[in-house]
Amino acid sequence: MNYTEVHKKWQKYWNEHDTNKFDPKSKRPAYYHLDMFPYPSAANLHMGHYFHYAPSDTHARFMRMTGHNVFHPMGYDSFGLPSENHALKTNTHPGPNTTTNVERFTRQLNELGGMYDWNYSLTTSEPDYYKWTQWLFLQLHKHGLAYQKEAAVNWCSGCQTVLANEQSQDGKCERCNAEVVRMNKNQWFFRITDFADELLTDLDKIDWPAKTRAMQTNWIGKSDGARITFDGIDVFTTRIDTINSVTFLVLSPEHPFVDKLTTKEQSRAVAEYKKMAAKKSEIERMENHEKTGVFTGHYVTNPYNGDRVPLWVADYVIYGYGTGAVMGVPGYDERDREFAEKYNIQILENEFVPVAATIKKLGKSARTETTYRLRDWSIGRQRYWGSPIPIIYCDKCGVVPVPEHQLPVMLPHLDDFKPRGAPPLANDPNFVKTTCPICKIPAKRETETMDTFVCSSWYFLRYPTVGNDKIAFDKTTARQIDTYVGGAEHACGHLLQARFITKFLHKHGYINFNEPAKKLVHQGMILASDGQKMSKSKGNTIAPDNYVAEFGSDILRLYMLFGFNYTDGGPWSEGTLKTMPRFIERVIRAVEQINCEMETDPEVQHIRATTIAAVRTDMQDFSFNTAVARCMELLNAISAAKGKSRESIRDLILCLAPMIPHIAEELWDMAKLPRKTGESIFNMAFPTADPNHLERAMVEYVVQVNSKKRGTITVSKDATQKDVEAAAQKLLDGTTPKKTVYVPGRLINFIV
RNA sequence: GCGGAUAUGGCGGAAUUGGCAGACGCGCUAGACUUAGGAUCUAGUGAGCAAUCGUGGGGGUUCAAGUCCCUCUAUCCGCACCA
């Protein structure tokens with residue numbers, strides 16, 4: 001078989017006959033199968049893309065063949081830093097780059113054999129998409145969930161810009177190596193914390209991997225405890241039962257009370273300490289665990305026992321968590337002990353006090369409280385390549401949202417989009433200058449753009465409505481994703497944000513469901529043959545391109561399905577890959593040897609039935625490797641039998657179809673199986689197992705004596721326990737068993 | 001430190017709900033066909049001469065444990081001064 005010709009032929013055929021077209025009016029049960037969309041990079045699809053998309057497409061095709069109206073769209077997550085940085089590096093522009101990259105990706109995804117209806121595709125950097133991202137921002141703003149506040153950020157002193165955490169390493173900017181400092185900046189946030197509790201509790205209602213749910217649980221970080229007031233300073237603690245052993249109180253350097261201190265000498269020391277702490281980057285604080293602090297000169301009263309305890313400032317207390325103040329219990333808490341030892345603070349042996357009684361005794365100065373580790377989502381970026389934030393600043397009216405009918409706020413073409421501290425859009429007077437929508441006086445546009453993860457937080461809602469310029473999505477066609485496939489690295493980013501946006505939209509009646517995806521699957525990672533991660537710097541990458549050019553994509557797809565557990569991934573094996581054409585050739589040989597129509601061989605009938613049943617469940621469970629193995633078993637059974645029936649070959653081809661879509665179409669014709677004009681095997685039904693052949697006529701039982709195998713017996717499948725016992729007794733040398741364990745259809749165990 | 005996972009032949013990996021461990025494939029061994037081929041076909045392939053022993057180590061429950069319980073070890077991933 002000329003694989004590459006076969007691939008071209010059937011891609012053309014599917015194209016000509018609209019095989020991949022989605023019919024929204026179909027009567028079949030709808031099934032939304034979605035892959036996380038790629039960022040269209042300047043390079044070709046890599047092995048990770050292939051391992052993600054090819055097996056996932058197999059699942060989608062299988063669902064289609066089992067009677068579902070599968071909606072399996074594909075799009076591009078094209079805004080964001082990677083595109084922008086690549087353009088900066090190569091002295092090009094992200095706009096035209098995106099266009100060429102999208103074209104190339106689309107071509108390659110078609111070569112891969114993806115069953116995508118491109119009429120439903122979207123590209124997030126196109127105005128017809130980001131118009132609605134801006135609309136989403138306005139809805140959040142309308143409901144008070146998009147807001148501005150002063151907050152600490154990582155600021156690169158060299159590039160004069162805010163950095164994402166991953167861009168600052170060891171307190172240095174990854175690009176210019178300059179120092180990264182913490183500074184306060186007015187920033188846009190989405191109030192994801194409003195949904196903290198729902199995001200946590202609803203994890204139990206979705207079929208997502210345990211690992212992902214655990215990660216989100218940790219990320220949300222719910223703590224039940226109490227808020228206690230020490231002379232007006234609130235602390236949060238989960239261990240109110242240690243309150244009798246408090247020997248000091250600690251404020252984080254950013255705590256407002258720090259600025260209210262009046263004792264002259266002490267406040268100078270405190271101010272200096274605060275300055276020093278502020279300079280330290282977040283990363284430095286996390287990595288350098290040595291605790292530093294300064295005494296404020298103040299004492300506060302323990303509301304439980306009236307003790308006067310010293311008030312300290314220390315940077316091991318995080319302002320953003322709890323109240324930014326903690327009670328120091330060195331007799332119980334290791335960190336407090338370390339701090340107390342360093343600064344010679346009194347350490348009291350801890351004695352626990354009863355929780356309920358303590359809270360009651362404290363009265364007004366204490367109340368139970370729940371706090372979360374989750375923080376609001378910072379979405380403003382001082383960068384060019386993103387969706388402009390649809391906000392106007394008017395001297396008279398203040399912060400004014402852009403009216404919906406004025407959307408999109410177009411991202412202008414800038415030749416110079418280098419980040420220099422101020423957002424690049426601020427350099428474009430034509431963009432900045434506008435009029436206030438309310439009072440019509442001259443006003444200025446917001447020049448920050450949105451985090452690219454805002455684009456991806458809602459894109460799955462857009463697909464069914466692509467092309468509609470009147471609405472973002474429609475309550476009646478917006479669908480919850482049935483199965484969502486993508487990388488585990490998005491567990492606490494994209495996947496949490498998508499859940500947040502879904503919950504927000506549901507709460508306010510925009511959509512009818514409150515979770516984005518019923519079921520989530522993470523593909524594993526393909527490693528180099530030495531078990532290392534593939535990376536350009538190690539020079540151990542393997543590109544799909546050569547294999548696709550040599551064999552077409554089906555062979556590569558089949559190898560990916562067969563050679564790995566999909567959710568685990570594993571090391572590349574050239575040997576196993578090369579084996580795949582051999583399997584196909586064996587199928588072709590069987591096809592060529594067809595010599596009868598109906599299957600009469602009982603063994604083949606049995607294997608055929610069990611194969612179909614097993615492949616059905618395996619495909620549903622993403623257990624592709626065993627599904628392929630089952631097909632191999634069926635082929636082995638067919639090959640071993642004298643008669644090669646068209647009937648059995650037909651079922652084999654249909655079972656294989658989702659795994660080798662192009663080759664299967666060709667095999668279908670080779671086997672001279674019937675096809676209406678323009679029909680595809682993907683319009684046909686997946687075979688069903690014949691219930692009459694799921695069991696063999698004769699069943700083998702293992703006979704055990706004292707749980708050790710003594711032999712096997714073959715009896716009719718209808719044999720009763722008595723029959724089996726009678727047949728098995730022969731292996732017992734006449735002794736009478738004390739006890740008999742009988743497992744129908746499997747074994748009989750005599751205890752003597 | 002906290003959380004999640006993983007550990008099975010020479011290799012990738014299978015084992016419904018506790019019921020013949022090693023499916024399927026690679027590799028390997030022998031043979032067949034071949035005027036040498038990394039092709040195809042047939043047979044074999046966990047270890048051991050055997051009885052037996054074997055799913056990271058050690059305990060336990062059970063007629064029966066890769067699977068359930070306890071415990072330890074190693075590796076991977078995520079979070080981490082979260083009060």
Side-chain angles (χ1 to χ4, degrees), chain A residues 209-223 225-226 235-240 242 249-250 252 285-291 314-329 332-336 338-339 371-375 488-489 491-492 522 525 529 531 559 562-565 567-568 570-580 582-583 585-586 589 613-614 617-618 623 625-636 639 700-712 737-752:
Chain A
K211 180 188 173 181
T212 313
R213 286 183 288 129
M215 279 170 72
Q216 291 203 353
T217 303
N218 289 342
W219 191 263
I220 295 166
K222 182 177 181 173
S223 285
V235 302
F236 175 77
T237 181
T238 55
R239 298 309 304 248
I240 196 167
T242 64
L249 215 69
V250 199
S252 78
R285 277 174 64 150
M286 282 193 293
E287 287 186 354
N288 181 6
H289 278 212
E290 191 175 347
K291 294 169 183 53
D315 63 359
Y316 79 92
V317 177
I318 297 162
Y319 184 56
Y321 184 78
T323 61
V326 300
M327 54 188 215
V329 190
Y332 170 75
D333 187 284
E334 257 182 61
R335 295 154 305 182
D336 293 343
E338 199 188 313
F339 189 74
T371 193
Y372 298 89
R373 187 190 161 281
L374 182 71
R375 298 191 212 176
E489 67 274 17
C492 298
H522 295 307
M525 194 191 288
S529 42
Y559 164 60
F562 180 62
F564 309 85
N565 175 314
T567 51
D568 292 348
W572 182 263
S573 162
E574 195 75 14
T576 309
L577 171 88
K578 291 280 162 69
T579 273
M580 294 296 108
R582 208 192 290 181
F583 169 65
E585 298 304 322
R586 290 186 63 210
R589 236 171 287 139
T617 55
D618 288 348
S623 300
N625 51 351
T626 50
V628 178
R630 292 299 192 153
C631 291
M632 288 173 169
E633 282 181 274
L634 176 55
L635 174 64
N636 291 344
S639 303
E700 194 178 69
Y701 276 78
V702 171
V703 180
Q704 295 181 338
V705 177
N706 290 335
S707 306
K708 298 255 156 114
K709 184 177 172 181
R710 282 291 168 263
T712 57
K738 277 186 233 150
K739 186 183 168 188
T740 303
V741 180
Y742 173 71
V743 183
R746 289 189 180 272
L747 66 74
I748 185 151
N749 186 7
F750 297 117
I751 313 304
V752 296

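Within every chain, numbering begins at 1; the chains are lettered A, B, ... in the order of the sequence lines, protein sequences first and strands thereafter.
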Item to check | Shortest non-hydrogen separation from A:N749 to A:S707 and the atoms involved | outcome: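 Of all heavy-atom pairs spanning A:N749 and A:S707, the closest is OD1-N, 3.0 Å.
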
For [X] and [N], what is the distance between atoms [atom1] and [atom2] respectively, to the nearest whole Å?
X: A:Y742; N: B:rA64; atom1: OH; atom2: P; value: 21 Å
X: A:K291; N: B:rC81; atom1: NZ; atom2: P; value: 9 Å
X: A:N636; N: B:rG25; atom1: CG; atom2: C1'; value: 10 Å
X: A:H522; N: B:rA5; atom1: NE2; atom2: P; value: 13 Å
X: A:R239; N: B:rC81; atom1: CZ; atom2: P; value: 20 Å
X: A:Y559; N: B:rC26; atom1: OH; atom2: P; value: 13 Å
X: A:F583; N: B:rG25; atom1: CZ; atom2: C1'; value: 11 Å
X: A:W219; N: B:rG78; atom1: CH2; atom2: C1'; value: 9 Å

For [X], which residues count as a side-chain contact (heavy atoms from CB on, under 4.5 Å) partner, sequence neighbours excluded?
X: A:M632; result: A:F562, A:M580, A:F583, A:V628
X: A:K739; result: A:V741, A:I751
X: A:D568; result: A:N565

Checklist entry - Of the candidate nucleotides B:rC24, B:rG78, B:rC63, which contains the atom at the shortest distance from the side chain of A:N218? => result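 Given the options B:rC24, B:rG78, B:rC63, the side chain of A:N218 is closest to B:rG78.
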
Next on the checklist: Taking only side-chain N and O atoms of A:Y316, does any of them lie within less than 4.0 angstrom of OP1 or OP2 on B:rA83?
Outcome noted: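 Indeed not, no polar side-chain atom of A:Y316 lies that close.
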
Checklist entry - What stems, by residue range, does RNA chain B take part in, given at least 3 consecutive Watson-Crick or G-U pairs under 3.5 Å? => result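 For RNA chain B the paired stretches long enough to count as stems (3 pairs minimum) are B:1-7 with B:73-79, B:10-12 with B:24-26, B:27-32 with B:40-45, B:56-60 with B:68-72.
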
Item to check | Per-nucleotide protein contact string for nucleotides 12-21 of chain B, where B marks a base within reach and S marks sugar-phosphate only (heavy atoms under 4.0 Å, - for neither) | outcome: BSS-B--BB-

Item to check | Base versus backbone protein contacts along nucleotides 38-54 of chain B [heavy-atom cut-off under 4.0 Å; B, S, -] | outcome: --SS-------------

Item to check | For A:Y321, all residues meeting ring pair (Phe, Tyr, Trp, His ring centres under 6.0 Å), sequence neighbours excluded | outcome: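 For A:Y321, no residue satisfies ring pair (Phe, Tyr, Trp, His ring centres under 6.0 Å) once neighbours in sequence are set aside.
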
Who pairs with [X] by side chain to side chain donor-acceptor pair (under 3.5 Å), at least two apart in sequence or on another chain?
X: A:R239; result: A:D241, A:Y332
X: A:W572; result: A:E574
X: A:T626; result: A:D618
X: A:S573; result: A:T576

Euclidean distance for [atom1], [N] against [M] (whole angstrom):
N: B:rU6; M: B:rU16; atom1: P; result: 14 Å
N: B:rU45; M: B:rA23; atom1: P; result: 10 Å
N: B:rC53; M: B:rA14; atom1: C1'; result: 22 Å
N: B:rC24; M: B:rC41; atom1: P; result: 16 Å
N: B:rA47; M: B:rG22; atom1: C1'; result: 13 Å
N: B:rG59; M: B:rA21; atom1: C1'; result: 22 Å
N: B:rG46; M: B:rU29; atom1: P; result: 16 Å
N: B:rC68; M: B:rC2; atom1: C1'; result: 26 Å

Item to check | Syn-anti status, with the boundary at 90° from 0, for the nucleotide B:rG18 | outcome: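 This nucleotide is in anti.
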
Next on the checklist: Suppose we call a contact any N or O donor and acceptor under 3.5 Å apart; does that hold for the side chain of A:K739 and the base of B:rC63?
Outcome noted: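 In this structure, the two groups form no donor-acceptor pair.
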
Item to check | Test item: A:F564 and A:N625 side chains (from C-beta on) under 4.5 Å apart, heavy atoms | outcome: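 When only atoms from C-beta onward are counted, A:N625 and A:F564 do not touch, as no gap falls below 4.5 Å.
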
Checklist entry - If we only count heavy atoms from C-beta on, is the A:T242 to A:M327 side-chain gap below 4.5 Å? => result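 A side-chain contact exists here, since the closest heavy-atom pair is under 4.5 Å.
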
Next on the checklist: Given 3.5 Å as the limit, does a donor-acceptor pair link the side chain of A:Y701 with the main chain of A:G745, or not?
Outcome noted: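 Yes; judged by distance alone, with no hydrogens or angles, the pair exists.
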
Checklist entry - So, the side chain of A:N706 versus the backbone of A:V752: is there a donor-acceptor pair under 3.5 Å, distance only? => result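 At least one qualifying donor-acceptor pair exists.
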
Next on the checklist: Would A:I748 and A:V703 count as a side-chain contact (heavy atoms from CB on, under 4.5 Å) here? Give the steps.
Outcome noted: CA-CA 5 Å; A:I748 185 151; A:V703 180; 4.0 Å; yes

Checklist entry - Closer to the 5' end of RNA chain B via nearest nucleotide, is it A:M632 or A:M215? => result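 The answer here is A:M632.
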
Next on the checklist: Within the 4.0 Å heavy-atom criterion, would you say A:A214 contacts the bases, only the backbone, or no part of the nucleic acid?
Outcome noted: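 Sugar-phosphate contact only.
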
Checklist entry - Base, sugar-phosphate, or nothing for A:D336, non-hydrogen atoms under 4.0 angstrom? => result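 No contact.
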
Pairs under 3.5 Å (N/O, protein and nucleotides 7-9 of chain B):
none

Next on the checklist: Looking at A:F339, I'd like to know if the NZ or CZ of A:K291 sits under 6.0 Å from its six-membered ring centre while staying within 45 degrees of the ring's axis.
Outcome noted: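 Ring-cation test returns no.
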
Next on the checklist: Looking only at side-chain N and O atoms, does A:R586 offer a donor or acceptor that is under 3.5 Å from a partner on A:N636?
Outcome noted: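 Yes, A:R586 and A:N636 have a side-chain donor paired with an acceptor closer than 3.5 Å.
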
